[in-house]
Amino acid sequence: IQSKDGLVVDRPALRNQLHDVLLSLHSTDVPIPMIVRSPNVQAADTAGAIEAARAMVASPVTLTYGEARWTMSVETLKLTLDFTVAGAGAKQHLVPYVSPDKAADFFGPIAEAVKTPPRKATWQTDGETATLVPAVFGKELDGPATADAVTKAATSATNRVATVAVKETAPERTTEQAQAMGIVKSIGSYTTEFTGSANRISNIQRAANLISGTLVGPGDTFSFNAVVGRRTEERGFKTAPAIKEDGTLEDDLGGGICQVATTLFNAAFFAGLPITERQNHLLYIDHYPMGRDAAVSWGYPDLKFRNDTDHWLLIKSHASNSSVTFVIYGTPDGRKVTYKTSDWYDLVKQTEKRQQSAELLVGETKVKDYGQDGRSCTVTRTVTRNGETLRKDSFPSIYPMVPKLILEGTKPKRPLPPPNPPPLQALSPPPVPPALQPQIRQHLPPPADLLLRLIPAGTQVSTGLRR
């Protein structure tokens, strides 16, 4: 392709024009001054570049990485070749090279083969201590450097071998960053036990696993709903009994995860952390610690607590088929927690509520929901450090009276069938004596006389005659 002169903006002239217009304080059109300029690289300067390009695509190039080998064919070399301008002023000239952008498709499988993902620093925990696991840097293909290596190999007539270039990739969290977070020991833990259906157990394990590994920075607030998210089938939750707003139990997605919230609440409670949101259950559950349960539902209520320490917190959990444990790790700062639980107060005797049911027969009853007596209690927590009271807070729990719901049948009873009648017995006529047979013949037509002959002697026959 032959070179051609072109037009470029005369920058000094344009600068002067704009300066004059601005000083005049008038708006006007400013024509852009243009000048003719010849290209730095002329057609005659490309001869060397063409010869160099032909040499580069004369034969394949081999790429190596360890024991792995890839061959870049002549056709591929041609597709990846590009030109750039080297030198300055009158010494500018075209130089062929392998473009990393044009070689991206060929480099793709190589990049996958050499890639080693980084691993961020984390912690191994045993319920008491958090041991730092150092980060590991990863590796990935360095496209521009690999293309330069291929360019160098392609310019050689004999040693047409290039080593794949890789570069380190930093982990999301380095070892130094993890050390500075101050996650070293347990500052609070709690365990609860449970029973229930397979679905309920599955929901508890799912929610606990979603929370395990959560990090809470200094000054940040943990939210159960934000971490666990919406309880849906797509997110691994199943239907199990859950307490509804009227105090009844009904199957719902995520039923049972309040066991998880209650356990985590108590771990944060004994860690001495500020509890910023907590709601008791509508129904009192006697296998939870009195006044220290925590109900959650998508949207509201939520369980929230704040990290008011100077270091990060790591929340870890373990859920089996019968218990769930939460441990909060951080840097112990000498906090001590004491608490007192009040006696029950505001006692309200339970009433009964009856509801008709077409599924039960008339006269039948069934308890649908047992409800509860109404009652309340308050837990008071005191958090101290080195004899100084850091916090004294109260956690009231109100369990309202819920009537016992009894179903009464309205389905009509079926009438009993009549007793079976006794079986009918056949009456046996008296036998026909031989002396009466002539008299019978006189009253019977000839066919009947023939029938009489066929009746064996002694057979009982009803004649309707009287002796």
Side-chain angles (χ1 to χ4, degrees), residues 188-216 220-269 273 275-306 313-328 368-372 395 397-400 402 405:
S189 64
Y190 203 78
T191 298
T192 61
E193 297 180 347
F194 56 83
T195 59
S197 65
N199 281 4
R200 184 177 191 272
I201 295 172
S202 176
N203 289 335
I204 291 172
Q205 294 172 340
R206 176 61 176 154
N209 288 337
L210 287 171
I211 296 172
S212 190
T214 298
L215 292 165
V216 185
D220 291 343
T221 296
F222 170 89
S223 164
F224 186 97
N225 281 337
V227 175
V228 175
R230 189 181 294 272
R231 284 60 120 176
T232 63
E233 291 184 5
E234 293 76 15
R235 303 191 70 252
F237 290 98
K238 301 177 180 180
T239 56
I243 302 174
K244 310 306 289 184
E245 293 181 357
D246 60 355
T248 60
L249 288 172
E250 292 184 11
D251 280 350
D252 197 5
L253 284 170
I257 65 171
C258 290
Q259 181 97 31
V260 178
T262 294
T263 310
L264 181 55
F265 163 72
N266 279 273
F269 179 94
L273 300 172
I275 310 298
T276 58
E277 185 175 334
R278 171 260 174 189
Q279 176 68 47
N280 65 277
H281 289 81
L282 188 66
L283 295 180
Y284 174 67
I285 303 172
D286 58 8
H287 61 261
Y288 291 157
M290 177 177 169
R292 300 205 316 272
D293 57 323
V296 289
S297 183
W298 177 248
Y300 180 83
D302 197 358
L303 169 65
K304 295 181 181 180
F305 56 85
R306 183 167 54 86
L313 302 179
L314 169 65
I315 304 173
K316 295 288 286 185
S317 72
H318 173 72
S320 68
N321 288 334
S322 59
S323 69
V324 57
T325 298
F326 274 97
V327 183
I328 301 175
K368 182 179 180 182
D369 289 294
Y370 285 89
Q372 65 182 12
F395 300 90
S397 297
I398 301 173
Y399 306 97
V402 179
L405 181 58

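- In terms of heavy atoms, Ser223 sits closest to Asp302 at OG-OD2, 2.6 Å.
- The side-chain heavy atoms of Met290 and Tyr284, taken from C-beta on, include a pair separated by under 4.5 Å.
- Of all the heavy atoms in Ala295 and Pro301, the pair that sits closest is O-CG, 3.5 Å.
- Take Arg306 and apply the side chain to side chain donor-acceptor pair (under 3.5 Å) test, not counting sequence neighbours, and it matches no residue.
- The minimum heavy-atom distance linking Ala261 with Ala294 is given by the pair CB-O, 3.6 Å.
- For Thr263 (side chain) and Gln259 (main-chain N/O), a donor-acceptor pair under 3.5 Å exists by modelled atom type.
- Aromatic rings from Tyr288 and His281 are positioned such that their centres are separated by under 6.0 Å.
- Remark: Leu253 CG to Arg231 CZ distance equals 10.5 Å, nearest 0.5 Å.
- A donor-acceptor pair is defined here as one N or O able to donate and one able to accept, closer than 3.5 Å; such a pair exists between the side chain of Arg235 and the backbone of Val228.
- The environment of Lys368 atom NZ is sparse: at most 12 non-hydrogen atoms of other residues, nucleotides or ligands sit within 6.0 angstrom.
- Residues Ile201 and Phe194 meet the side-chain proximity criterion, which asks for heavy atoms closer than 4.5 Å.
- Between the side chain of Gln372 and the backbone N or O of Val402, no donor-acceptor pair lies under 3.5 Å.
- Between atom OH of residue Tyr399 and atom CG of residue Leu283 there is a gap of 10.5 Å, rounded to the nearest 0.5 Å.
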task: Report the C-alpha separation of Ile328 and Leu314 in whole Å, then their side-chain angles, then the decisive distance to 0.1 Å, and conclude whether the side-chain contact (heavy atoms from CB on, under 4.5 Å) test is met.
output: CA-CA 6 Å; Ile328 301 175; Leu314 169 65; over 6 Å; no
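- To the nearest 0.5 Å, atom CD1 of residue Ile257 and atom CD1 of residue Ile204 are 9.5 Å apart.
- In summary, the aromatic rings of Phe326 and Tyr190 are positioned with their centroids too far apart to meet the 6.0 Å limit.
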task: For the pair Asp252 and Thr239, evaluate side-chain contact (heavy atoms from CB on, under 4.5 Å) and give the outcome as yes or no after the intermediate values.
output: CA-CA 5 Å; Asp252 197 5; Thr239 56; over 6 Å; no
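- A salt bridge links Asp293 with Arg278; the closest basic N to acidic carboxylate O contact falls under 4.0 Å.
- Taking both residues in full, the closest heavy atoms of Ala242 and Gly255 are given as CB-CA, 4.1 Å, listed atom of the first, atom of the second, then distance.
- To the nearest 0.5 Å, atoms CD1 (Ile275) and CZ (Phe222) are separated by 10.5 Å.
- Just one of Leu215, Thr214, Leu273, Asp220 meets the side chain to side chain contact (heavy atoms under 4.5 Å, CB included) condition when paired with Leu313; it is Leu273.
- A donor-acceptor contact shorter than 3.5 Å is absent between the side chain of Asn225 and the backbone of Val296.
- In this view, Phe395 and Phe265, Phe269 satisfy the ring-ring contact (aromatic ring centres under 6.0 Å, His included) rule, not counting sequence neighbours.
- In this structure a side-chain-to-backbone donor-acceptor pair under 3.5 Å is present from Thr262 to Cys258.
- Taking both residues in full, the closest heavy atoms of Val260 and Phe224 are given as CG1-CE1, 3.9 Å, listed atom of the first, atom of the second, then distance.
- Atoms CZ and OG1, from Phe305 and Thr276 in turn, are 9.0 Å apart once rounded to the nearest 0.5 Å.
- The line from CD1 of Ile398 to CG of Leu282 is 11.0 Å long, rounded to the nearest 0.5 Å.
- No side-chain heavy atom of Glu193 sits under 4.5 Å from any side-chain heavy atom of Ser322.
- Residues Asn266 and Pro289 are in side-chain contact: their nearest non-hydrogen atoms beyond the backbone lie under 4.5 Å apart.
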- request: Could you give me the CA-CA distance, side-chain angles and deciding distance for Ile243 and Ile285, then say whether side-chain contact (heavy atoms from CB on, under 4.5 Å) is met?
  value: CA-CA 11 Å; Ile243 302 174; Ile285 303 172; 4.2 Å; yes
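- In terms of heavy-atom proximity, Ala240 sits nearest to Asn203 at CB-ND2, 3.9 Å.
- Here Asn321 pairs with Gln205 under the side chain to side chain donor-acceptor pair (under 3.5 Å) rule; sequence neighbours left out.
- Between the side chains of Thr191 and Ser323, not a single donor N or O lies within less than 3.5 Å of an accepting N or O.
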Stepwise side-chain contact (heavy atoms from CB on, under 4.5 Å) test for Asp251 and Lys238: CA-CA 9 Å; Asp251 280 350; Lys238 301 177 180 180; over 6 Å; no
